[in-house]
Amino acid sequence: RAPAGDHKSIDSPWPPSSDSSALGSRHSSFTTKRESSFVSTVLKLRARSSSSMSRGSCGVPLVIVSDAGQDLDDEMACIFARHLVHRGLVHVRGIVSTLAPSLERGLLLRGTLDMLGLQQVPVGVGTDGGDYSHSAARFTDSYVPPAFSEGALSLVSGLRLMLEQLQLVDAHIGSNKLVFVVIASLKDVAILLRDHEELFCRTVEEVVIMGGVEPFDASDSDAEIVMVPDSAHNNSFDKAASAFFYRRCQELSVRLVVVT
């Protein structure tokens, strides 16, 4: 853990000079079931042998939506992402913090990524995620950038970050489409889809959601199956946004991978 007052700048080399986890002692256990969500996501990404998308030299291009500080799984996702970037399996194009207080969550993500050597990954500050009931008291670790620091001032609008990534893919013919990994509220991606539907469909390969759907009968091959979000935590932050996103993606044939 970095000593108090010894915040690493965004130009610090990897690995940081510390004798323990870069995430310090705020979390003591890495064993809960939810923390394996990103592992499941990665396995699904790697198993798409029939996908029309080739990885290319930089790996699968990801945009991650996270509520870091809510549960340990989001910071575990950053750690796994660091390893997958090193292996050339993924290219993290940006991470968006969502769920109030989204600014503090963005600062936590910025500090976490810096400590992991992912200084080049931009962080966007998203919406309240549909939930106002959380405080910022937990986001005080020594590696979190202080207000008005270089790291803090590097944060951008989450919706703008996501839109720019869509536009970059759209401008480069033949480039890999984006994969969105949503391990938080769906409000931000729902707004993105609502406001930029055609661009979203052209540039997004699939959306991986840490959530769940109501049971359905898949035995009748002639029946139309429409997945409906269940009461999973991430679906419940903004139920209207979740219902819209699941439904509209299916109507537009945007592939969903739902990890329960």
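Throughout, numbering of the chain's residues begins at 1 and tracks the sequence. Side chains included, hydrogens not; waters and symmetry mates left out as well; all remaining heavy atoms used.
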Quiz item: Once you round to the nearest 0.5 Å, how far does OG1 of Thr203 lie from CD of Gln165?
Solution: 10.0 Å
Practice problem: Ignoring hydrogens and angles, tell me if any N or O in the side chain of Ser242 forms a donor-acceptor pair with the backbone of Asn235 under 3.5 Å. | Solution: yes
Exercise. Count the heavy atoms of every other residue, nucleotide or ligand shown that sit under 6.0 Å from CD of Glu198, and state whether that count exceeds 12.
Key: no
Quiz item: Are Leu252 and Val226 joined in one hydrophobic group, where the rule is that I, L, V, M, F, W and Y side chains link up if heavy atoms are under 4.5 Å apart?
Solution: no
Practice problem: Evaluate the side-chain proximity of Leu166 to Leu192: yes if any heavy-atom separation is below 4.5 Å, no if none is. | Solution: yes
Exercise. Let me see the working for Ile209 and Asn234 under side chain to side chain contact (heavy atoms under 4.5 Å, CB included), right down to the final yes or no.
Key: CA-CA 9 Å; Ile209 302 172; Asn234 290 335; 5.8 Å; no
Quiz item: If every non-hydrogen atom of Ser236 is compared with every non-hydrogen atom of Ser231, which pair is closest and at what distance?
Solution: OG-O, 3.2 Å
Exercise. Mind listing the closest non-hydrogen atom pair of Arg105 and Gly69 along with its distance?
Key: NH1-C, 3.5 Å
Quiz prompt | Greater than 12 external heavy atoms within 6.0 Å of Arg160's CZ | solution = no
Self-check item: Name of the residue among Val182, Leu108, Asp74, Val123 meeting side chain to side chain contact (heavy atoms under 4.5 Å, CB included) with Ser66
Solution: Asp74
Quiz item: Minimum heavy-atom separation for Ala232 to Gly212, with atom names?
Solution: CB-N, 4.0 Å
Quiz prompt | Side chains of Leu118 and Val85 in contact at under 4.5 Å (non-hydrogen atoms) | solution = yes
Quiz item: Are Val258 and Phe216 connected, step by step, through hydrophobic side chains (Ile, Leu, Val, Met, Phe, Trp, Tyr) whose heavy atoms are closer than 4.5 Å?
Solution: yes
Quiz item: How far does OG of Ser142 sit from CE of Met115, to the nearest 0.5 angstrom?
Solution: 7.0 Å
Self-check item: Pair Asp230-Val213, side chain to side chain contact (heavy atoms under 4.5 Å, CB included): steps then yes or no
Solution: CA-CA 5 Å; Asp230 64 9; Val213 297; 5.6 Å; no
Self-check item: Steps toward side chain to side chain contact (heavy atoms under 4.5 Å, CB included) verdict (His196, Met162)
Solution: CA-CA 11 Å; His196 306 280; Met162 292 189 293; over 6 Å; no
Quiz prompt | Cys201 versus Val254, closest heavy-atom pair with distance | solution = SG-CG2, 4.1 Å
Quiz prompt | Minimum-distance pair of heavy atoms, taken over all atoms of Ala184 and Thr98 | solution = CB-CG2, 3.5 Å
Quiz item: Under 3.5 Å, side chain of Asp67 to main-chain N/O of Gln70, donor-acceptor pair present?
Solution: no
Quiz item: Taking atom CD of Glu75 and atom CG of Leu109, what is their separation to the nearest 0.5 Å?
Solution: 7.5 Å
Quiz item: Say you draw a straight line from CZ of Phe244 to CG of Leu193; how long is it, rounded to the nearest 0.5 Å?
Solution: 4.5 Å
Quiz item: Are any non-hydrogen side-chain atoms of Val189 and Val63 less than 4.5 angstrom apart?
Solution: no
Self-check item: Main-chain N/O of Asn176 paired to Glu205 side chain as donor or acceptor, under 3.5 Å
Solution: no
Quiz item: Are Ile225 and Tyr246 grouped together when hydrophobic residues (ILVMFWY) are joined by side-chain heavy atoms under 4.5 angstrom apart?
Solution: yes
Quiz item: CD1 of Ile191 to CG of Leu163: how many Å apart, nearest 0.5 Å?
Solution: 12.5 Å
Quiz item: For Leu99, which fellow cluster members are found when Ile, Leu, Val, Met, Phe, Trp and Tyr are connected by side-chain heavy-atom distances below 4.5 angstrom, either directly or through intermediates?
Solution: Phe237
Exercise. Answer whether the closest heavy-atom distance between the side chains of Asp238 and Leu186 falls below 4.5 Å.
Key: no
Practice problem: Specify the closest pair of heavy atoms between Leu113 and Cys78, including all atoms of both residues, with the distance to one decimal. | Solution: CD2-SG, 4.1 Å
Practice problem: Would you indicate whether the side-chain heavy atoms of Tyr143 and Leu116 approach each other to under 4.5 Å? | Solution: no
Quiz prompt | Donor-acceptor pair, side chain of Asp131 and main chain of Ser133, under 3.5 angstrom | solution = yes
Self-check item: From Thr112 atom OG1 to Met76 atom CE, the distance as rounded to the nearest 0.5 Å
Solution: 12.5 Å
Quiz prompt | side chain to side chain contact (heavy atoms under 4.5 Å, CB included) assessment of Thr127 paired with Ser102 | solution = CA-CA 7 Å; Thr127 70; Ser102 57; over 6 Å; no
